[in-house]
Amino acid sequence: MAGMGDIHGFNAMDARSPLSLPRTVALVGLMGAGKSAIGKRLAMRLGLPFVDADDEIERAAGCSIAEIFEKYGEADFRAGERRVISRLLDEPPHVLSTGGGAYIDPETRTLMRAKAVTVWLRAELDVLFDRVRKRAHRPLLRNGDPKEVLARLMTQRYPIYAEADVVVDSTAQPADRTTEQVIEALRARLQAEKTPA
Ligand code: S3P
């Protein structure tokens, strides 16, 4: 019926129409923010491949991230991360989960901002800590008290993550619900990009 979709500028059909992504969606945020969990769900919902940058770095290096930190140090890890993310950003659109420090590296951040829609999954300290404390594979959390490390990284990194195109709160609610919020935030962002200022 004519006019039913548009009520006072709000397009009632929007929420149901499929979202088509013109470029890669890159998820950023601290360890435990849910980048992989939400990323996998998001990829399913959007019908796009899911790629985990940390897995790709491990594949390229032939060893684990913990081993890269141990053998070569953080600076070499960041250089490898930069190269791998740069390559992934030249691939067709997909959902890309990036390690917590990737967006903090100025060069990687510039690339991500140029070639992807960036989504910061913002989470509070207790949510992050609850998610990371069960696993011991993250080298940065082995240097001291993990909760203190996370709190320090929040102070350093949150102002930088805040430059992302889209910000969504990652809470203790079910991951499917957060994924839904990411989709709606992306829809609003892509719509705004199409609308001339
Ligand atoms: C890091 C986060 C890790 C991994 C590496 C460094 C960081 O990824 O890239 O251990 O600097 O925050 P996740 O955020 O996926 O845990």
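Atoms within a ligand are numbered from 1 in the order they appear, just like the ligands themselves. Start at 1 with the first residue, then count along the sequence.
- The backbone N or O of T171 sits nowhere less than 3.5 Å from a side-chain atom of D169 that would complete a donor-acceptor pair.
- Residue-to-ligand polar distances place G100 within reach of ligand 1: an N/O pair is separated by less than 3.5 Å.
- The distance criterion of under 3.5 Å between nitrogen or oxygen atoms is met by R157 with respect to ligand 1.
- At least one donor-acceptor pair under 3.5 Å links the side chain of R113 to the backbone N or O of E163.
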Fill in: Pair V182-L121, side-chain contact (heavy atoms from CB on, under 4.5 Å): steps then yes or no
CA-CA 9 Å; V182 172; L121 294 177; 4.0 Å; yes
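- Counting heavy atoms under 4.0 Å from ligand 1, residue L140 touches it through the side chain alone.
- Residue nearest to atom 8 (O) of ligand 1, selected from D54, V28, T98: D54 (by heavy-atom distance).
- The backbone N or O of S64 sits nowhere less than 3.5 Å from a side-chain atom of E58 that would complete a donor-acceptor pair.
- Close approach to P139 involves these atoms of ligand 1, each under 4.0 Å from a residue heavy atom: 10 (O).
- Scanning all protein heavy atoms for the shortest distance to atom 7 (C) of ligand 1 gives G101 N, 3.3 Å.
- With a 4.0 Å heavy-atom cut-off, ligand 1 is reached by the side chain of R78 but not by its N, CA, C or O.
- Interface atoms of ligand 1 facing R138, defined by a heavy-atom separation under 4.0 Å, are 16 (O).
- A distance-only check finds a donor-acceptor pair linking the side chain of R157 to the backbone of G100 [under 3.5 Å].
- Formation of a donor-acceptor pair under 3.5 Å by the S170 side chain with backbone atoms of R122 is not found in this model.
- With hydrogens left out, the protein atom closest to atom 14 (O) of ligand 1 is K35 NZ, 2.6 Å, a heavy atom.
- Using a 4.0 Å cut-off between heavy atoms, R135 makes no contact with ligand 1 at all.
- If you number the atoms of ligand 1 from 1 as listed, the ones under 4.0 Å from a heavy atom of I65 come out as 5 (C), 10 (O).
- In the displayed structure, Y158 atom OH is contacted under 6.0 Å by more than 12 heavy atoms of other residues, nucleotides or ligands.
- Between D52 and K35 there is no salt bridge, since no side-chain N of the basic residue sits under 4.0 Å from a carboxylate O of the acidic one.
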